[in-house]
There are 2 protein chains.
Amino acid sequence: MANTLYAGVPQFYVAVDCIIFAYENNDIQVLLQKRKIEPFVGEPTLLGGFVGAEESLDDAAHRVLLERTGMKDVFLEQVETFGEPDRDPGGRVISTAYYALLNKKLHDTRLIQKFGCEWYSLKNLPMLHFDHSKMLAKAIGILRDRIGYSPVALNLLPAEFTLTQLQRVYEGILGMELDKRNFRKRLKEMPYFIETGKKDKSFSKRAAALYNFDWMMYKQLKYYHL
Amino acid sequence: MANTLYAGVPQFYVAVDCIIFAYENNDIQVLLQKRKIEPFVGEPTLLGGFVGAEESLDDAAHRVLLERTGMKDVFLEQVETFGEPDRDPGGRVISTAYYALLNKKLHDTRLIQKFGCEWYSLKNLPMLHFDHSKMLAKAIGILRDRIGYSPVALNLLPAEFTLTQLQRVYEGILGMELDKRNFRKRLKEMPYFIETGKKDKSFSKRAAALYNFDWMMYKQLKYYHL
DNA sequence: GGAAAATGTGTCACATTTACACTCGAATAT
DNA sequence: ATATTCGAGTGTAAATGTGACACATTTTCC
């Protein structure tokens, strides 16, 4: 026994559950997995996993992402920890929810199929068991809030993107339409949105300008303005 | 063994740590406790406790509050969960941080003395061991954000309060001075700040009007405006 | 009765936010 | 080759919100 110091103190299973967001076809989506164990076998569930003995919570969430989607360095942020005694009928499990924002083009579609994962539109989410619907709702709330003052939504797009794509991402997250001119006006005031000079024709007849985001400049300006 | 389902999965100690805020003399304060076990015996530490086998995280935080301050029904909100493998040298402990806002007049001063607790001004906080300084910093950040769109700061004041007191609470939390007229102008637009008709002379020569906050009206209006 | 200390009140300049409609360029169909 | 279609791209005016600012009032204390 390594821990004699806290002898007698109860111990718990600790898990992470990931709310994985992606963007495709003007639509924000969430990745859910068919549950493999009782109860609720076959029903969609958040992607979760137990935390390893020598693993941090963040590492566990990154590991779950890597195992299921094949992606490293995915944007992850903690949502909240859920610890009701009866939240999981299989045992006393504390679960920390994370949300992830990933570029759907870079994920491994075979891997997610192998795990029985499927993308669901934010507009048409199924009911989830346990407290997973609460986790999901909280994650959406945090994300909606976050994009108001942080450029995290860019994690849902390729490095080069059009302004219309970015607007669609915001609209999908917020669940409302935005005014094109006002949206673009605000971006123009931010010097870290860089026009690459390239054009994208795949979404329109008239080509749209491709931009990228200068994260270095963003961080420096943000730091400076503290 | 109750849990055969997750056999072989590692288990962890689970704790809560509370960042307890109060207001007194134009000053926001945090309650810290002298640590009783090695390492760092005698140093100030956040008020923490292990979660019981049949207890939720929220319940554990409320219990810690009750044990140490004698207060029930204290405002509590989860901050973040910390789970680095080496965060506590005494064992593998996951800890969920909570912040609490309480009316200092109602707490049991003898009880906190018995536990070796002391109030520290936000303006003059000591360094804390483990990840407790991170927890504290995060809690302050969340609180600063929260008071911008929620009346939680009222939990730091008695049911009847003057507008100057409330302004001092905001100033203490934000760490900056606010304009009196603009502050009061905004409150006047909110119908759930009710003038009681009573006056308070204890803080000024000219008496100040006492207000209370109609939580019912607040919730109803908020709900309605969704 | 005068000084000190905190309460309480309104306006104006400026910045921010919102609403709104047409031309441009390229592909496609006739 | 011409017309049609579709998304890209652009500016202005009105409304709203925010921030700065100064003095009279009431009571206590000396």
Side-chain angles (χ1 to χ4, degrees), chain A residues 23-27 144-145 147-151 154 157-158 160-191 193-213 221 225, chain B residues 23-27 144-145 147-151 157-158 160-191 193-213 221-222 225:
Chain A
Y23 166 76
E24 189 171 45
N25 296 131
N26 299 344
D27 199 27
R144 282 193 179 141
D145 188 54
I147 62 169
Y149 53 88
S150 157
L154 290 163
L157 289 173
E160 300 192 332
F161 53 88
T162 69
L163 300 186
T164 300
Q165 278 179 306
L166 185 57
Q167 188 180 336
R168 296 291 171 261
V169 168
Y170 271 75
E171 290 174 335
I173 293 170
L174 296 172
M176 66 193 298
E177 301 205 333
L178 300 175
D179 181 274
K180 180 163 56 159
R181 282 184 284 194
N182 294 334
F183 186 80
R184 292 161 104 101
K185 198 192 311 172
R186 220 181 298 172
L187 297 183
K188 284 242 172 61
E189 289 160 5
M190 304 180 189
F193 281 94
I194 314 283
E195 201 169 342
T196 61
K198 299 184 205 166
K199 302 262 174 182
D200 180 306
K201 290 190 174 189
S202 53
F203 293 99
S204 73
K205 296 173 181 172
R206 176 175 176 187
L210 281 165
Y211 286 74
N212 58 36
F213 188 82
L221 287 176
H225 285 134
Chain B
Y23 166 78
E24 188 171 49
N25 296 132
N26 299 343
D27 199 29
R144 281 195 180 141
D145 187 56
I147 62 170
Y149 52 86
S150 157
L157 290 174
E160 300 191 332
F161 53 88
T162 69
L163 300 186
T164 300
Q165 279 179 306
L166 185 57
Q167 189 180 335
R168 296 288 172 265
V169 167
Y170 271 74
E171 290 173 334
I173 292 170
L174 296 173
M176 66 192 300
E177 301 204 332
L178 299 174
D179 181 274
K180 180 164 55 159
R181 280 183 287 191
N182 293 337
F183 186 80
R184 292 161 106 99
K185 198 194 308 172
R186 219 179 304 172
L187 297 183
K188 284 241 171 64
E189 289 160 6
M190 304 180 188
F193 281 95
I194 314 282
E195 201 168 342
T196 61
K198 300 186 207 165
K199 301 264 176 181
D200 179 306
K201 292 189 172 190
S202 53
F203 292 98
S204 73
K205 296 173 179 172
R206 175 176 174 186
L210 282 164
Y211 285 74
N212 56 36
F213 188 82
L221 287 177
K222 195 178 141 186
H225 287 134

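Each chain gets a letter, A, B and so on, in the order the sequences are listed, and its residues count up from 1. Nothing here was measured: the structure is a model prediction, and the numbers come from that model.
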Residue pair [X] / [Y], side-chain heavy-atom distance below 4.5 Å:
X	Y	value
B/Tyr23	B/Leu157	yes
A/Leu163	A/Tyr211	yes
B/Ile147	B/Leu174	yes
A/Thr164	A/Ser204	no

Which atom pair, heavy atoms only, marks the closest approach of B/Glu160 to B/Asn212?
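Distance-wise, the nearest heavy atoms are OE2-ND2, 4.3 Å.
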B/Leu178 to B/Glu171 - nearest heavy-atom pair and separation
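Between these two residues, the closest heavy atoms are N-OE2, 2.9 Å.
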For the pair made of [atom1] in [X] and [atom2] in [N], what is the distance, rounded to whole Å?
X	N	atom1	atom2	answer
B/Lys188	C/dT11	NZ	P	13 Å
A/Met190	C/dT16	CE	P	12 Å
B/Asn26	C/dA5	CG	C1'	13 Å

Under 4.0 Å from any atom of DNA chain C, heavy atoms only: list the residues of residues 160-184 of chain A that qualify, in numerical order.
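Only A/Asp179, A/Arg181, A/Asn182 qualify.
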Please work out which residues in residues 197-208 of chain A have a non-hydrogen atom less than 4.0 Å from an atom of DNA chain C and list them by number.
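Contacts with DNA chain C under 4.0 Å: A/Lys201, A/Lys205, A/Arg206.
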Ion pair present between B/Arg186 and B/Glu189, side-chain N to carboxylate O less than 4.0 angstrom?
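Looking at B/Arg186 and B/Glu189, the cut-off is not met.
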A/Leu187 vs A/Leu166, side-chain contact (heavy atoms from CB on, under 4.5 Å): CA-CA, chis, key distance, verdict:
CA-CA 10 Å; A/Leu187 297 183; A/Leu166 185 57; 3.9 Å; yes
Between B/Glu195 and A/Arg186, name the one whose nearest nucleotide on DNA chain C is closer to the 5' end.
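With B/Glu195 and A/Arg186 compared, the 5'-side residue is B/Glu195.
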For a quick check, tell me whether the side chain of B/Lys185 and the base of C/dG8 share a donor-acceptor pair closer than 3.5 Å.
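Check fails, no donor-acceptor contact within cut-off.
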